[in-house]
Structure formats: C-alpha cells, structure tokens
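Side chains are part of it too, since the values below use all heavy atoms of this structure and drop only hydrogens, waters and symmetry mates.
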Amino acid sequence: TPREYLGGETSRLPHFHVMVEVYLYKIVHLFVPNIRLVTVVYFLPVLLATLSVIPAFFLVKRVGGALGGLAAATLVAVHPAFIGRTIAGFSDTDGYNILFPLVIMWVFVEAIEAERWKKALSLAAVAGLLMGVFSWTWGGWWYIYDFLLGVCFVSLWYLFVKEYTEGKETKTKIAWILGAAVLAPVFVLGALVQTISKGFRDKAYSEGAKYSNKEKRLHYPAEAIQM
C-alpha cells in the first residue's frame with residue numbers, strides 16, 4: 001500500500017496526501033530513475049501552489065476578462081500566507097485547500113454559464129466528483145460546499161423574485177424584496193449553527209490529537225526515504 005511504501009509511522013497522515021506523494025514519485029521515477037522519494041515530497045507543495053494559479057486565472061477571467069484573471073492569478077501566486085504554507089519542504093495539505101476550491105468553483109461557474117444542458121450536467125458532475133475527492137484531503141471541505149450551496153440558493157431566490165415582480169406595482173416589489181430579506185437569513189442561520197458545531201468538534205479532535213502525539217511522534221526512517 002502507499003503507506004507501507006512510504007515507510008515509517010504514517011497512520012496519522014491523510015491517506016490521500018500519502019497516495020499523491022507515493023504515486024507522484026512513481027511517475028517521476030519513470031523519467032528520472034535516480035530521484036529519491038524525499039525530493040518529490042520536498043517539491044510537492046510548490047507543484048500544488050503552481051497549479052492553483054491556473055483555475056484562479058480562468059475563474060476570474062469569466063467575469064473580469066483576461067486582465068482580471070491575470071490579477072487574480074498573480075494575487076494567488078504571491079500571497080504571503082499561501083507562499084508560507086506551500087514553500088518547498090513544507091509537506092502538508094494546505095496546497096489542496098486552495099487548489100481544490102479554486103478548481104471546484106471554476107467548474108461550477110462553467111456549468112452555470114454553459115449554454116447546452118448536457119455540458120452543464122457534465123461539468124456539474126465533475127464539480128461534484130472533485131468535491132468528493134476534496135473531502136478526502138481536509139476536514140473543512142464542506143466550507144466550499146456550503147458556500148456554493150448558498151450561492152445557488154441566493155441566485156435562485158433572486159431570479160424568482162425578479163421574474164415574479166417584473167411589471168408589477170412598486171408595493172408588490174417591495175413586499176417580495178422584504179420577504180426575501182426576512183427568509184434568506186434562515187439559510188444563513190442553519191449554516192452558522194453547522195459552522196459553530198463543527199468548530200467545537202474540531203477543537204475536541206485537536207485536543208485529542210495533541211494528547212496522542214505526546215505519546216507517539218511521527219517519524220520517517222532514513223532507509224524509507226532514500227530510494
């Protein structure tokens with residue numbers, strides 16, 4: 001298995017991250033036979049950060065043109081917080097937390113803007129598949145899921161109110177707008193409750209992990225990485 005191939009105590013590592021490291025090493029090893037696993041793992045965060053620039057460009061290009069896409073890609077590429085968590089040697093899952101949401105939002109927007117329903121359904125299915133893969137990488141995957149769900153809710157509500165009140169009196173329009181303003185927070189409240197409860201669960205998990213790590217430290221034997 002990928003964990004056994006990597007060597008050492010890896011049971012606490014996210015399985016998806018271990019799989020990416022091992023199988024990426026196998027692919028690179030085909031072209032560079034003398035490369036070591038530790039080298040691939042060392043540069044993986046840089047690769048993830050570089051790939052994140054691509055969906056950022058095309059996502060913003062859809063609404064802001066090529067110049068807007070270039071500005072977005074540049075912002076992602078040089079953001080200090082992102083660079084600090086994806087520098088070479090920082091072998092963690094932070095790169096996925098930017099790459100996957102950007103790709104998912106890009107595909108999601110393309111699905112909404114698609115003119116043919118078959119293309120829209122295909123892109124929506126791809127976005128759902130990517131969301132499933134993203135759920136393997138990070139416990140907070142549902143943030144982007146809830147965000148896109150909220151976008152759908154607000155968009156549909158806006159279109160409904162717009163279509164229903166078109167050509168009607170000002171009083172009717174005001175009534176529908178006020179009704180939307182009153183009912184919309186119900187959705188936001190549900191998401192807020194979920195966020196708070198998830199925060200408490202994550203805190204409890206973090207405390208348990210700290211206690212467990214005191215007893216057993218993660219380590220990589222030198223013989224396991226010198227391949």
*Asks:* What distance do Leu123 atom CG and Arg116 atom CZ have between them, rounded to the nearest 0.5 Å?
*Replies:*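 Going from the CG atom of Leu123 to the CZ atom of Arg116 covers 10.0 Å.
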*Asks:* Which class fits the ring pair His17 and Tyr96: parallel under 30°, tilted 30 to 60°, perpendicular over 60°?
*Replies:*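 Ring orientation of His17 relative to Tyr96: perpendicular.
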*Asks:* Tell me whether Leu129 is reachable from Val126 by hopping between hydrophobic residues (I, L, V, M, F, W, Y) whose side-chain heavy atoms are closer than 4.5 Å.
*Replies:*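 Val126 and Leu129: separate clusters.
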*Asks:* To the closest 0.5 Å, what do you measure between CG (Asn34) and CZ (Arg36)?
*Replies:*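 These two atoms lie 10.5 Å from each other.
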*Asks:* I'd like to know if the side chain of Ser52 reaches the main chain of Leu48, judged simply by a donor and an acceptor atom lying under 3.5 Å from each other, with no hydrogens or angles considered.
*Replies:*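 Yes: the side chain of Ser52 pairs with the backbone of Leu48.
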*Asks:* Side-chain contact, heavy-atom cut-off 4.5 Å: Met131 with Leu148?
*Replies:*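 The answer is yes, as the side chains (C-beta and beyond) meet within the 4.5 Å cut-off.
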*Asks:* To the nearest 0.5 Å, what is the distance between CD1 (Ile144) and CH2 (Trp141)?
*Replies:*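 Spacing of CD1 (Ile144) from CH2 (Trp141) equals 11.5 Å.
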*Asks:* Is any side-chain heavy atom of Val46 closer than 4.5 Å to a side-chain heavy atom of Thr86?
*Replies:*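 They are not in side-chain contact.
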*Asks:* If you round to the nearest 0.5 Å, how far is CG of Leu99 from CD1 of Ile54?
*Replies:*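 Rounded to the nearest 0.5 Å, the CD1-CG separation comes to 9.0 Å.
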*Asks:* Once the angle between the rings of Phe100 and Phe134 is folded into 0 to 90°, is it parallel (under 30°), tilted (30 to 60°) or perpendicular (over 60°)?
*Replies:*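 It falls in the parallel class, under 30°.
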*Asks:* Please check: side-chain N/O of Thr74 versus main-chain N/O of Leu70, any donor-acceptor pairing under 3.5 Å?
*Replies:*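 Yes; judged by distance alone, with no hydrogens or angles, the pair exists.
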*Asks:* Rounded to the nearest 0.5 Å, what's the gap from NZ on Lys119 to CD on Glu113? Could you check?
*Replies:*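 Here the rounded value is 10.5 Å.
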*Asks:* Indicate if Ile87 and Phe43 have the same hydrophobic cluster label, given that clusters are the connected sets of ILVMFWY residues with side-chain heavy-atom separations under 4.5 angstrom.
*Replies:*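 No, separate clusters.
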*Asks:* Just checking Phe58 against Trp106, ring centres under 6.0 Å apart?
*Replies:*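 Centroid separation for Phe58 and Trp106: below 6.0 Å.
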*Asks:* Are Phe57 and Leu51 in one and the same hydrophobic cluster, where Ile, Leu, Val, Met, Phe, Trp and Tyr link if side-chain heavy atoms are under 4.5 Å apart?
*Replies:*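 Per the 4.5 Å side-chain linkage, Phe57 and Leu51 are co-clustered.
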*Asks:* Answer yes if Val103 and Val53 sit in the same cluster of Ile, Leu, Val, Met, Phe, Trp and Tyr residues linked by side chain heavy atoms under 4.5 Å apart, and no otherwise.
*Replies:*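 No; Val53 is not reachable from Val103 via cluster members.
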*Asks:* Compare every heavy atom of Pro45 with every heavy atom of Tyr42, then report the nearest pair and how far apart it is.
*Replies:*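 In terms of heavy atoms, the two residues are closest at O-CD, 3.5 Å.
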*Asks:* Given the rule in the side-chain contact (heavy atoms from CB on, under 4.5 Å) test, do Tyr25 and Ile35 qualify, once you have shown the distances and angles that lead to the verdict?
*Replies:* CA-CA 8 Å; Tyr25 165 75; Ile35 195 170; 4.1 Å; yes
*Asks:* Start with the C-alpha distance between Val151 and Leu149, add both sets of side-chain angles, then the distance that settles side-chain contact (heavy atoms from CB on, under 4.5 Å), and finish with yes or no.
*Replies:* CA-CA 5 Å; Val151 168; Leu149 190 64; over 6 Å; no
*Asks:* Minimum heavy-atom separation for Ala111 and Ala120, please, with both atom names.
*Replies:*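 Smallest heavy-atom distance, with atoms named: O-CB, 3.4 Å.
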*Asks:* Taking C-beta and beyond as the side chain, do Glu21 and Leu44 meet within less than 4.5 Å on heavy atoms?
*Replies:*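 Counting from C-beta outward, Glu21 and Leu44 do come under 4.5 Å.
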*Asks:* Got a second to check how far Trp142's CH2 is from Phe147's CZ, nearest 0.5 Å?
*Replies:*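 The CZ atom of Phe147 is 14.0 Å from CH2 of Trp142, to the nearest 0.5 Å.
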*Asks:* Do any side-chain atoms of residues 60-69 form donor-acceptor pairs under 3.5 angstrom with protein atoms, and if so which ones, sequence neighbours left out?
*Replies:*
residue	atom	partner	partner atom	Å
Arg62	NE	Glu110	OE2	3.4
Arg62	NH2	Glu110	OE1	2.6
Arg62	NH2	Glu110	OE2	3.3

*Asks:* For Phe82, I'd like to know if atom CZ has over 12 heavy atoms of other residues, nucleotides or ligands within 6.0 Å.
*Replies:*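 Buried by this count: over 12 neighbours within 6.0 Å.
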*Asks:* Determine, using the 4.5 Å side-chain heavy-atom cutoff (strictly less than), whether Ile112 and Val107 are members of one ILVMFWY cluster.
*Replies:*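 Yes, it is one cluster - the side chains of Ile112 and Val107 are joined through contacts under 4.5 Å.
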*Asks:* Among Val22, Val28, Leu24, Leu30, find the one that has a side chain to side chain contact (heavy atoms under 4.5 Å, CB included) with Lys26.
*Replies:*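 The option that passes is Val22.
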